[in-house]
**Q** 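Have a look at this one before I ask anything.
Just so it is clear, the structure is predicted and the values come from calculations on it, not from any experiment.
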Amino acid sequence: MLGLPLLSSLIWLPIVGGIAVLLVGDAKASAARWLSLLISLGTFALSLPLWSGFELGTASFQFVERMAWIPSLHCDYYLGVDGISLPLIVLTTFTTVLVILAGWGSVEKRVSQYFAAFLILEGVMIGVFCALDGLLYYVFWEAMLIPMFLIIGVWGGVRRVYATMKFFLYTFFGSIFMLIALVYLYLKTGTYDLGAFYAVHLSFNEQVLIFLAFFAAFAVKVPMFPVHTWLPDAHVEAPTGGSVVLAAIMLKMGGYGFLRFSLPIAPDASHYLSWMMIALSLVAVLYIGLVALVQSDMKKLIAYSSIAHMGFVTLGCFLAWDIVAATQSLHGATLGLSGAMVQMISHGLVSGALFLCVGVLYDRMHTRDIGAYGGVINKMPIFGAFMVLFAMANAGLPGTSGFVGEFMVILASFHANPWYALLAAVTLITGAAYTLWLVKRVVFGPVANEHVEALTDVNPREFLVLGILAVAVLAVGVYPKPLTDVMEPTLRHLVDLLSTSKF
Amino acid sequence: MHTLLLTIVLAPLLASLIAGLFGTFIGRVISHCVTIAGVGLSLALSALVLSRMMTAGEPTFEETLYTWMVTDGIHFEVGFLVDHLTALMMVVVTFVSLMVHIYTIGYMHEDEGYSRFFSYISLFTFAMLMLVMSNNFLQLFFGWEAVGVVSYLLIGFWFTRPSAIFANMKAFLVNRVGDFGFVLGIASLVYYTGSLSYSDAFHAAPMIVTHTITPWAGTSWNAMTFTCICLFIGAMGKSAQVPLHVWLPDSMEGPTPISALIHAATMVTAGIFMVARMSPLFELSPTARTFVLVIGATTALFMGFLGIIANDIKRVVAYSTLSQLGYMTVALGVSAYSVAIFHLMTHAFFKALLFLAAGSVIIGMHHEQDMRKMGGLRRYMPITYWTSLIGALALIGFPGFAGFYSKDSIIEAVHAALEKGTVAGAGYAYFCVVAGVFITAFYTFRMIFMTFHGEERMDHHTQEHLHESPAVVWVPLVLLAIPSIFIGGLTMGPLLFGDYFGQAIHVNEANNVVAELGAEWKGPWAFILAGFTSAPFYLAASGVVTAWALYLKWPAIPSAVALRLAPIYRLLENKYFFDWFNENVIALGSRVLGRGFWRVGDQFLIDGALVNGSARSVGVLGTLLRQIQSGLLYHYAFAMIIGLSALLGYLLWHA
């Protein structure tokens, strides 16, 4: 596209734009809103040629940009995308537009700062997905914390300070170990180039330590049991937009990290510890599924449901070795990985949509307590229809995106061990139980009280946001092929990498 | 053919979208016109497909519509397989659906959600067609779940009623328990065949039988048995077989037209259809067939008992549906797949008829459903009465009516299986299906007598306003009554003993009990004559007589019997305590477990001990360390002396 460095533009347009919005100032709230919308739309538009220009059928990095960054440390400003990062980048640019729209009327405090934070966050997150240099990746990774820290800390709820501290310390704790691993790999290879990390030979013990260091960072982000307790608190206190970005994109950093770093850099350790990863994933599905059932706060319920859904991502990532052990072939491994990827994308759409739905209700009633609602559909029929649709997607209904990834992971896990499939498939029951029970208590029934009686249906802006998400959820559910076609070669290559010993 | 089939499927979908999204703008009349036109078109074209297949020898149609995705070499596709089995189902589905559409104009005319209702039932028709026309498990599962969702939406159609929104959630969740098994069955097939298509599964079937699954050391299951039982668990949910039957009686919370369409004629028979479709797999696992047989027989008999004590007219019909689904399942268990489909078809007509007739009664009674407050309605609602009577006679298998052919065939198939020894459990099944005949006749005519005969027990106001329902209601009744009489005799020969199903249903020669029946088949008239002298006829007749005696002649007896047999009565009244168990053990247990995990695991152990605990312990440690750094010189000197002497002591000791 006219020789424009597409990835750099995607990273820096929202960051520079965010600073511009900041300069507009809170006094001119309307101008700040429009400018933010324009920038987020522009970024989204820039991500489209990324998709259309992406060459299918190859696993190599595309749209590569590389220049020296800190020569003394041999680290480069090195960007590129492949089938793993591309869908996540588009998800990021897509979600940000919706978040800007969703925050349009409901945020009144420090408006320009709010929108600027999201734009800067967007750029940084895209940076995480594009970075092919270990140090650059780390810088983006840590930078991501700052805007989110502010979003929860400034625009959050009552216990926002506790939640932000917990969020920050948890993730920071994990990241430190990742930094150590990256530095170790640098000392080993003399570069921060990811390709060198993939190629370098590592002893078994080295791999185990590196794997555990990365695990500390990524498991917290996913989040995996037992380091998941920051998420419900963060979600509950975050403003709607913060919850959406957190659920839709930031959690994906963990899954992305496993795919980009842990599996290819430490394949033998991944093999050795895959039992643990699978066990923790299944615990997430089963244990968290039941915990979600008893939540009385809507956001907490959806947060726990997120953890359970992300369990499918980690499960799909670590099936390869059990498949080999069971069948002496790798057939099914790519299925598991692409199931994990599809699950990430779908969860981004569905959980984002559900948090937006909660936001719509919260804006009107100022409570997230399920008990305060009942019979919302009587007063908000259009909203009710959306909520039921997204709930069904959350319960994994075929025809919606929620089904695709879960189905693929269940199919793949049967290749590894029928027990895995059996335990994972329990989500069909628990997932439907907590989601539909929520719908029953909030959406259906007679009008519960005078506050519900006073509700008004979605306005055109909310309709637009939810409608776009509904279309996306259905589109992925009815025709996921474009998505899987983009990912397939990269994931096949990844299976090659992770099945090759690095001793 | 391609375009034709696509139109059949998409016409109801399009109509549904129009009525659903724009219902408020286009108004009621256009909503129902559009949806009726859509379904009518589907019916006409389905009939065309069927007739082409039967007369013009149109070959089986199989084609991929589009590729959903390809990953790891597995093709996930959407496509059609239309053979004689499918064509028959398409006609049944669209015909009953059209009747229900027309009937709804009358039944729902006062309802606020009129357009929404039409949108749902058209959407249902689309989903059901997708289910029966599929050529692969992906689309089958899509249709399977989509009909489930529409059922969910329709049971909860009156969403302000607490009982309705409880019933719809229950229905969905119980079905999900079935789907849990279904998905595992599909996963198993994908594992062994690397494909989701039916034909690949059938080709690979002889290979799958040679594999075993070892769930734990020392045990091994045949892979085909495992797969078939998993698939059948799905069917148990959808087709409401014990113990996953609990949702169906509660689903009567939905408006009556959908009870007829979804919870009697079509959706609940999806499980039966699926097993028949999978006959090449089930034929290879005797264990799975025994499982099917026992579950079906249990459902057939024990759900019938519940019909005896129900007083809600719709619930009686619902229990009879459960019982009849049990009969179909029994037929599947003895490898009489074609008989199961035959009964599915006749049942679709007469059960839809009975439900719609019950709905007509309910309209007449101003939405009163309790039969104890009815009686003598035949004088006010003659058309409803006569059509109900036809439905009832078909249901009890009175010789000559549609249900007679199919139900008698099932009983004889089980008998043949028992004699040939083709499947274990046939003795139990035979007892259940024969005893079931008496029970069916008894509760069916109990309903007829309590509703249409005897003393008029309704209040004065209702009585004054009693009249026959409008034409949009009774015309579908009449149109359904016709096949309820004739369809059995007309189709039994070709369906069961001709080569109608051809390759669509596969039966191993050794298990072929239908062929035994065929040896004695001398046409419908001879079958009727034989029917009058057979044991089931006498059982049915005595059931009717018993009902007459207990509910018309000596109405005091039932309550006396109930009193005398109090424990049994309580068992039946509590529906064998399935609901109690589900609510108090499973549902409550999950919540207690969830709360326990949350409070103890998340809050106490992880957050309390680890997260906040580590922060606290750092604080405590800091406080402790601060004590040491007191700043007093003699403290430090003392510590040095102690340390030095300890070090010296250690060195001396080792030297």
Side-chain angles (χ1 to χ4, degrees), chain A residues 166 170 226-230 232 287 289-295 331-335 338 375 377-378 388 392 395 397-399 403-404 407-408 410-415 418-419 421-422 425-426 428-430 432-433 436-437 439-440 443-447 478-481 483-485 487-488, chain B residues 66-74 76 138-139 141-146 148-149 152-153 156 159-162 164-166 168-169 172-173 176-177 179-181 183-184 186-188 190-191 194 213 215 226 587 590-598 601-603 605-607 610-612 615:
Chain A
K166 200 168 173 181
Y170 246 117
V227 287
H228 62 278
T229 58
W230 65 272
Y287 169 108
L290 287 174
V291 172
L293 196 60
V294 296
Q295 300 306 315
H331 185 73
T334 314
L335 180 65
S338 52
I377 199 166
N378 294 291
V388 170
M392 283 296 172
L397 185 79
F403 166 71
V404 189
F407 188 58
M408 293 164 83
I410 290 173
L411 293 185
S413 58
F414 198 95
H415 286 66
W419 280 106
L422 182 123
V426 172
L428 258 73
I429 305 165
T430 52
L436 294 189
W437 196 27
V439 169
K440 172 179 177 282
V443 177
F444 293 136
V447 173
V478 172
Y479 193 46
K481 190 166 181 288
L483 193 59
T484 52
D485 281 354
M487 303 175 329
E488 186 76 6
Chain B
Y66 74 94
T67 301
W68 194 63
M69 68 178 184
V70 187
T71 181
D72 217 353
I74 303 172
F76 295 74
L138 175 74
Q139 187 183 334
F141 193 63
F142 165 77
W144 193 265
E145 291 274 280
V149 168
Y152 168 83
L153 293 171
F159 49 73
T160 50
R161 291 186 190 173
I165 60 173
F166 175 76
N168 75 346
M169 187 173 76
F172 199 88
L173 292 184
R176 269 300 170 99
V177 176
D179 295 346
F180 163 79
V183 158
L184 290 178
I186 294 173
S188 166
V190 171
Y191 173 65
I213 289 176
F226 173 83
S590 320
R591 288 202 299 275
V592 167
L593 203 60
R595 189 158 284 124
F597 282 156
W598 183 40
D602 269 31
Q603 293 192 327
L605 288 178
I606 297 173
D607 266 2
L610 286 174
V611 179
N612 300 341

**Q** Who wins among A/G375, A/P232, A/A395 for the most heavy-atom pairs under 4.5 Å with chain B?
**A**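 So the answer, after comparing A/G375, A/P232, A/A395, is A/A395.
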**Q** Looking only at heavy atoms, what is the nearest atom pair of A/M392 and B/V149, with distance?
**A**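 Minimum heavy-atom separation between A/M392 and B/V149: SD-CG2, 4.0 Å.
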**Q** Counting heavy-atom pairs under 4.5 Å to chain B, which of A/V404, A/T334, A/V447 comes out on top?
**A**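 The answer is A/T334.
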**Q** Which heavy atom of A/M408 sits nearest to which heavy atom of A/L335, and what is that distance?
**A**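 Scanning both residues, the minimum pair turns out to be O-CG, 3.8 Å.
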**Q** Is A/V426 in contact with chain B via its backbone, its side chain, both, or neither, using a 4.5 Å heavy-atom distance?
**A**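 It is both, since atoms from each part get that close.
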**Q** Side chain from CB out, backbone as N, CA, C, O: work out which of these in B/I213 comes under 4.5 Å of a heavy atom of chain A, or both, or neither.
**A**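 Side chain of B/I213 only, per the 4.5 Å heavy-atom cut-off to chain A.
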**Q** Counting only non-hydrogen atoms closer than 4.5 Å, does A/L293 touch chain B with its backbone (N, CA, C, O), its side chain (CB onward), both, or neither?
**A**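 Contact with chain B involves the side chain of A/L293 alone.
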**Q** For B/L605, is it the side chain, the backbone, both, or neither that has a heavy atom closer than 4.5 Å to a heavy atom of chain A?
**A**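 Neither part.
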**Q** Under 4.5 Å from any heavy atom of chain B, what part of A/A412 do you find: side chain, backbone, both or neither?
**A**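 The answer is neither part of A/A412.
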**Q** Out of B/L593, B/V592, B/V190, which one racks up the most heavy-atom pairs below 4.5 Å with chain A?
**A**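 The answer is B/V190.
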**Q** Measuring heavy-atom distances to chain A, does B/R591 have an atom under 4.5 Å in its side chain, in its backbone, in both, or in neither?
**A**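 Backbone plus side chain of B/R591, per the 4.5 Å heavy-atom cut-off to chain A.
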**Q** At a heavy-atom separation under 4.5 Å, does A/V388 approach chain B through its side chain, its backbone, both, or neither?
**A**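 Only the side chain of A/V388 comes within 4.5 Å of chain B.
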**Q** So, B/W598 side chain and B/Q603 main chain: donor-acceptor pair closer than 3.5 Å or not?
**A**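 It does not hold such a pair.
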**Q** So which part of A/M487 gets closer than 4.5 Å to some heavy atom of chain B, the side chain, the backbone, both or neither?
**A**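 Interface part for A/M487: neither.
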**Q** Working note: B/D607 + A/T229, criterion side chain to side chain donor-acceptor pair (under 3.5 Å); need CA distance, chi angles, decisive distance, verdict.
**A** CA-CA 7 Å; B/D607 266 2; A/T229 58; 2.6 Å; yes
**Q** Given the options A/G399, A/G445, A/A333, A/A425, which has more heavy-atom pairs under 4.5 Å with chain B than any of the others?
**A**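 Option with the greatest count: A/G445.
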**Q** Could you go through the side chain to side chain contact (heavy atoms under 4.5 Å, CB included) check for B/F159 and A/N378 one step at a time?
**A** CA-CA 9 Å; B/F159 49 73; A/N378 294 291; 3.1 Å; yes
**Q** Okay, side chain of A/D485, backbone of B/T71: is any donor-acceptor separation there less than 3.5 Å?
**A**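 No: the side chain of A/D485 does not pair with the backbone of B/T71.
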**Q** Which answer fits A/V443, side chain, backbone, both or neither, if we ask what part of it has an atom under 4.5 Å from a heavy atom of chain B?
**A**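 Nothing of A/V443, per the 4.5 Å heavy-atom cut-off to chain B.
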**Q** Which word best sums up how the rings of B/F226 and A/F414 line up, parallel for under 30°, tilted for 30 to 60°, or perpendicular for over 60°?
**A**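 Rings of B/F226 and A/F414: tilted, as their planes differ by 30° to 60°.
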**Q** Going by ring pair (Phe, Tyr, Trp, His ring centres under 6.0 Å), A/Y479 matches just one of B/Y66, B/F76, B/W68. Which one?
**A**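 Of B/Y66, B/F76, B/W68, ring pair (Phe, Tyr, Trp, His ring centres under 6.0 Å) with A/Y479 is met by B/Y66 alone.
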**Q** Is the closest basic N to carboxylate O distance between B/R176 and B/E145 below 4.0 Å?
**A**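 Salt bridge: yes.
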**Q** For A/W230, which atoms come within 4.5 Å of any heavy atom of chain B: side chain, backbone, both, or neither?
**A**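 It is neither, since no heavy atom gets under 4.5 Å.
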**Q** Examine whether an atom of B/L184 lies under 4.5 Å from a heavy atom of chain A, and if so say whether it belongs to the side chain, the backbone or both; otherwise answer neither.
**A**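 Contact with chain A: backbone and side chain both.
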**Q** Minimum heavy-atom separation for A/A421 to A/S413, with atom names?
**A**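 Scanning both residues completely, I find the closest heavy atoms to be CA-OG, 3.4 Å.
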**Q** Under 4.5 Å from any heavy atom of chain A, what part of B/Y191 do you find: side chain, backbone, both or neither?
**A**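 Backbone plus side chain of B/Y191, per the 4.5 Å heavy-atom cut-off to chain A.
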